[in-house]
Amino acid sequence: MAAPISAEELRAALAPTLPWLEGGAEQPPRAVVGAAVKTSARWLAQQVPGRAVELRVPPHVAVQCVPGPRHTRGTPPNVVETDAIAWLRLASGRLDWATAVAEGRLTASGNRADLSAYLPLAALRRGT
């Protein structure tokens, strides 16, 4: 099992992507984006443990989170899938869930696939 991710590690992983997320810079190198996506998705899974929802941010990461019925075979019934920039904007509070859904920035299938209660990530909420 991996060591827990601290709030400081999470913020440090996202820091190099912030100008991009704000729209004021070019996309950082793939490794930088990948590290931010993986760290933030794994932080969510650490904070909201469970196996009821699978969060997918291809090609970077897929994690299971949210308490509830465990899924073990095939495609899970509760899946959230999005791209890196949408995920990082959701995680950091620069995009809200309802807007992301309305604009087609993510797909969420299943009755437990609404992650809005967990976003933005607590350690990334502005003012924390």
Hey, is the main chain of [Y] close enough, under 3.5 Å, to the side chain of [X] for a donor-acceptor pair?
{"X": "Arg94", "Y": "Glu22", "value": "no"}
{"X": "Asn78", "Y": "Asn111", "value": "yes"}
{"X": "Arg11", "Y": "Ala123", "value": "yes"}
{"X": "Thr99", "Y": "Leu95", "value": "no"}
{"X": "Thr82", "Y": "Arg105", "value": "yes"}
{"X": "Ser40", "Y": "Val37", "value": "yes"}

Next on the checklist: So, taking the atom named CD in Gln64 and the one named CZ in Arg56, what distance separates them when rounded to the nearest 0.5 Å?
Outcome noted: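 Going from CD on Gln64 over to CZ on Arg56, the span is 9.5 Å.
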
Item to check | Nearest-0.5 Å distance, SG of residue Cys65 to CZ of residue Arg112 | outcome: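 Separation between the atoms: 12.0 Å.
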
Item to check | Shared hydrophobic cluster, Val101 / Val57 (ILVMFWY, side-chain heavy atoms < 4.5 Å) | outcome: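 As far as the 4.5 Å side-chain criterion goes, Val57 and Val101 are connected within one cluster.
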
Checklist entry - Going only through I, L, V, M, F, W and Y residues with side-chain contacts under 4.5 Å, is there a path from Val61 to Ile85? => result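 Same cluster.
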
Would you say that [X] contacts [Y] through its side chain, given a criterion of any heavy-atom pair below 4.5 Å between the two side chains?
{"X": "Trp97", "Y": "Val80", "value": "yes"}
{"X": "Thr39", "Y": "Leu14", "value": "no"}
{"X": "Leu106", "Y": "Leu90", "value": "yes"}
{"X": "Val53", "Y": "Tyr118", "value": "no"}
{"X": "Pro16", "Y": "Val33", "value": "no"}
{"X": "Leu44", "Y": "Leu121", "value": "yes"}

For [X] and [Y], which heavy atoms make the closest approach, and how far apart are they?
{"X": "Val48", "Y": "Pro67", "answer": "CG1-CD, 4.0 Å"}
{"X": "Thr17", "Y": "Ala36", "answer": "CG2-CB, 3.8 Å"}
{"X": "Trp20", "Y": "Arg89", "answer": "O-NH2, 3.7 Å"}
{"X": "Ala108", "Y": "Ala113", "answer": "CB-O, 3.6 Å"}
{"X": "Ala13", "Y": "Ala35", "answer": "CB-O, 4.2 Å"}

Checklist entry - Going through the checks in order, is the side-chain contact (heavy atoms from CB on, under 4.5 Å) test met by Trp43 and Leu124? => result CA-CA 11 Å; Trp43 197 87; Leu124 301 177; over 6 Å; no

